[in-house]
Amino acid sequence: MAKLAKLDDIVSLCKRRGFIFQSSEIYGGLASCYDYGPLGAELKRNIRNAWWKHVVQMRDDVVGLDCSILMHPMVWKASGHADKFADLVTVCRKCGTRSRVDHLQDHEGSVEEHTEHIDIESAKSKAAELSRKVCPACGTIGQFGEPMAFRLMFETRMGANVEDTMTLFLRPETAQGIFVNFRNVLDSTRVKIPFGIAQIGKSFRNEVTTKAFIFRTREFEQAELEFFCKPGTDEEWFEHWKQERFNWYINLGIRKENLRFREHAKDELAHYAKACVDIEYKFPFGSGDWQELEGIANRTDFDLRQHQRGIRTMNEWYDKKGDLTKITLKEEAEDYLKGPLAYFDEETRERYIPYVIEPSAGIDRSMLAFLVDAYDEEEVRGEQRNLLRFHPALAPIKAGIFPLVKKDGMPEIAMNIYQDLKRYFPVFYDEKGAVGRRYRRQDEAGTPFCVTVDGQTKEDNTVTIRHRDSMEQVRVPLDQVKSYLRDKLGL
RNA sequence: GCGGGCGUAGCUUAAUGGUAAAGCCCCAGCCUUCCAAGCUGGUUAUGUCGGUUCGAUUCCGAUCGCCCGCUCCA
């Protein structure tokens with residue numbers, strides 16, 4: 001069975017074979033940023049496509065969307081991100097333990113529960129009161145260093161005229177783009193609840209720490225589905241998507257023993273969530289090994305209701321000249337059920353704000369999981385064989401096409417096969433060196449099949465097709481190569 | 001952000017205050033009829049910046065990056 005890969009082996013293989021490079025490497029690198037090389041770009045796109053196929057293409061009740069990364073600043077005011085964009089962290093002078101200021105408790109024992117980020121101003125005022133706080137590690141009271149603030153959203157400026165620019169945020173999640181387009185999709189597509197809107201795209205978060213290769217980076221790609229359903233049916237849909245998403249990983253080859261659910265306890269739920277479960281993968285790094293690949297949350301009607309409040313706040317936006325720190329979100333309208341983001345059910349004549357089930361997957365960390373899970377080393381005739389046992393749908397290259405040797409007309413026949421097949425899926429032609437070497441190279445790229453033209457080809461019009469995982473070969477008539485591969489590849 | 005470890009070629013490893021070496025990989029050619037064969041030739045490295053020095057990959061300082069742990073985070 002497959003060997004447990006060490007992260008170092010994966011990092012090394014990724015660089016050697018062109019899956020993933022350090023960003024800006026010739027300038028010494030940029031922390032937490034990575035570039036996808038030729039094979040990595042293919043693999044990542046295959047993962048995106050597999051997600052899209054599963055979540056959008058194969059479903060009659062989900063449509064796609066592709067929003068801009070830059071959005072109106074009020075989006076983040078309404079979503080809560082703008083007010084909760086700062087963490088304040090302090091260090092205990094006694095034991096060196098770092099704690100979030102808003103997590104510290106008074107020594108009288110008064111408990112202040114904050115699991116969300118708080119705004120910088122109130123965090124700073126809290127920092128002044130640290131004299132009464134208790135270090136959770138050593139119990140020392142009031143021995144804290146100057147708190148440090150962290151800005152969790154990236155900012156940028158829009159407008160070329162420096163005198164007249166607006167501060168914008170790079171989205172910290174793709175979800176909000178879906179909520180703000182809820183009305184547009186309803187009005188343009190004839191979808192009826194229950195239905196979902198899916199999106200894949202980049203998001204940006206100034207994480208306090210990054211971690212473990214591409215696992216946690218500040219720029220990352222999300223695949224998110226917001227599935228809108230009638231209140232009361234949310235728990236079934238939560239279950240539905242939980243299973244669907246778990247099975248997606250399994251069906252793409254992740255071994256079952258490396259995947260699990262982790263339910264969130266009540267006190268760790270985000271402010272918007274009624275329930276949340278993580279799909280975790282057993283990565284070869286980190287303290288607990290098990291790390292989140294995807295979170296599935298019941299976001300209730302929180303977001304749509306917040307945006308209805310946001311819309312009502314627009315006068316203040318103009319009055320305060322767009323200064324988000326001076327703007328207070330307007331209270332919800334009495335008749336918010338009739339608001340612009342409400343849904344009217346024609347059949348039951350009911351009006352409501354739908355509940356939302358959100359499966360939110362990290363594409364980059366999924367890719368790392370697929371890489372780790374596919375990685376294998378085995379001993380063949382005293383030599384080590386490195387290979388990636390990718391599911392055919394994910395393999396960057398579907399087949400290598402080789403002449404056994406570079407003479408006797410074999411290259412010409414092989415080239416013809418290559419020219420034909422490349423119209424249907426990614427294939428790779430190679431005639432250099434010993435055929436065994438070419439096989440091994442494809443093993444390391446995760447190519448599931450190799451087609452070899454040999455001496456017998458000219459006699460009976462057959463070629464050999466060699467399987468990556470078993471190294472077995474079968475003879476297949478030339479005119480059936482395409483259908484054989486398409487069948488095995490599921491294309 | 002803290003503590004620890006590490007940074008010599010694509011990879012794995014040498015060596016040295018005075019010409020940076022090798023194996024594998026890679027490229028070209030020859031040869032090769034099924035799993036990293038062989039022969040010939042070739043490309044490529046001391047993370048970056050600065051200091052000391054006649055001379056620094058080596059000593060010193062700073063910086064960048066990666067890994068492990070903590071912290072943090074979904």
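Just so it is clear: chains get the letters A, B, ... in the order the sequence lines come, proteins before strands, and each one is counted from 1.
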Run the ring pair (Phe, Tyr, Trp, His ring centres under 6.0 Å) check on Phe215(A) and Phe213(A) step by step: do they pass?
-> CA-CA 6 Å; Phe215(A) 180 79; Phe213(A) 201 35; over 10 Å; no

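Both Tyr34(A) and Arg205(A) lie near RNA chain B, and the one whose nearest nucleotide falls closer to the 5' end is Tyr34(A).
Spacing between rU13(B) and rU52(B) at atom C1', rounded to whole Å, works out to 31 Å. rG47(B) and rU40(B) are spaced 35 Å apart, taking the C1' atom of each and rounding to whole Å. The separation of rG4(B) from rU44(B), taken at their P atoms, amounts to 39 Å, rounded to a whole angstrom. For the P atom pair drawn from rA15(B) and rC64(B), the interatomic distance equals 30 Å after rounding to whole Å. Nucleotides rC59(B) and rU53(B), compared at atom C1', are 10 Å apart to the nearest Å. Annotation: rG41(B) and rA22(B) have their P atoms spaced 13 Å apart (nearest Å). If you take atom C1' in rG42(B) and the same atom in rG61(B), they sit 40 Å apart, rounded to whole Å. Annotation: rC34(B) and rA28(B) have their P atoms spaced 23 Å apart (nearest Å).
Legend: ring-ring contact (aromatic ring centres under 6.0 Å, His included) pairs involving residues 453-482 of chain A, not counting sequence neighbours, sorted by first then second residue: Phe449(A)-His467(A). Among residues at least two apart or in separate chains, salt bridge (Lys or Arg N to Asp or Glu O under 4.0 Å) pairs with a member in residues 449-461 of chain A are Asp454(A)-Arg475(A).
Look at CG on Leu13(A): it is 16 Å from P on rC25(B), rounded to the nearest Å. In this structure, Leu368(A) places its CG atom 14 Å from P of rC66(B), rounding to the nearest Å. The CZ-P distance, from Phe213(A) to rC6(B), rounds to 22 Å in whole Å. One can place NZ of Lys15(A) at 17 Å from P of rC26(B), the figure rounded to the nearest angstrom. Here rA74(B) presents its C1' atom at 11 Å from CD of Gln291(A), a figure rounded to the nearest Å. The separation between Ile214(A) atom CD1 and rC67(B) atom C1' is 16 Å, rounded to whole Å. Across the protein-nucleic acid pair, Arg299(A) atom CZ and rA74(B) atom P stand 12 Å apart, rounded to whole Å.
No engagement by Ser24(A) is indicated, since no non-hydrogen atom pair under 4.0 Å with the nucleic acid exists. No contact: Phe215(A) has no heavy atom under 4.0 Å from any strand. Residue contacts for Arg218(A): at a heavy-atom cut-off of 4.0 Å it reaches no nucleic acid atom on any strand shown. Nucleic acid contact class of Phe402(A) (heavy atoms, under 4.0 Å, all strands): none.
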Residues 28-36 of chain A, side-chain donor-acceptor partners within the protein, below 3.5 Å, at least two apart:
| unit_1 | atom_1 | unit_2 | atom_2 | d |
| --- | --- | --- | --- | --- |
| Ser32(A) | OG | Arg218(A) | N | 3.0 |
| Tyr36(A) | OH | Asp364(A) | OD2 | 2.6 |

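Cation-pi geometry between Arg245(A) and Trp248(A) is satisfied (NZ or CZ under 6.0 Å from the ring centre, within 45° of the ring normal). Cation-pi geometry between Arg205(A) and Phe154(A) is not met: the NZ or CZ atom fails to fall both under 6.0 Å from the ring centre and inside 45° of the normal.
For the residue pair Asp373(A) / Asn258(A), a side-chain donor-acceptor distance below 3.5 Å is found, with atom types taken as modelled. Checking Ser360(A) against Glu224(A) by side-chain atom types alone, a donor-acceptor pair falls below 3.5 Å.
In this structure, the ring of His240(A) has its center less than 6.0 angstrom from the ring center of Trp237(A).
Taking a pair as Watson-Crick or G-U wobble with both distances under 3.5 Å, the runs of three or more consecutive pairs in RNA chain B are B:1-7 with B:64-70, B:10-13 with B:21-24, B:26-30 with B:38-42, B:47-51 with B:59-63.
The side chain of Lys432(A) places no N or O atom within less than 4.0 Å of a non-bridging phosphate oxygen (OP1 or OP2) of rC26(B).
By the side chain to side chain donor-acceptor pair (under 3.5 Å) test, Glu292(A) is found to be paired with no residue, residues two or more places apart in sequence or in another chain being considered.
Using cut-offs of 30° and 60° for the angle between ring planes, the Phe402(A) and Tyr439(A) rings count as tilted.
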A correct 5'-to-3' footprint of nucleotides 30-39 of chain B, with B, S and - meaning base, sugar-phosphate only and no protein heavy atom under 4.0 Å, is --BBBBBS--

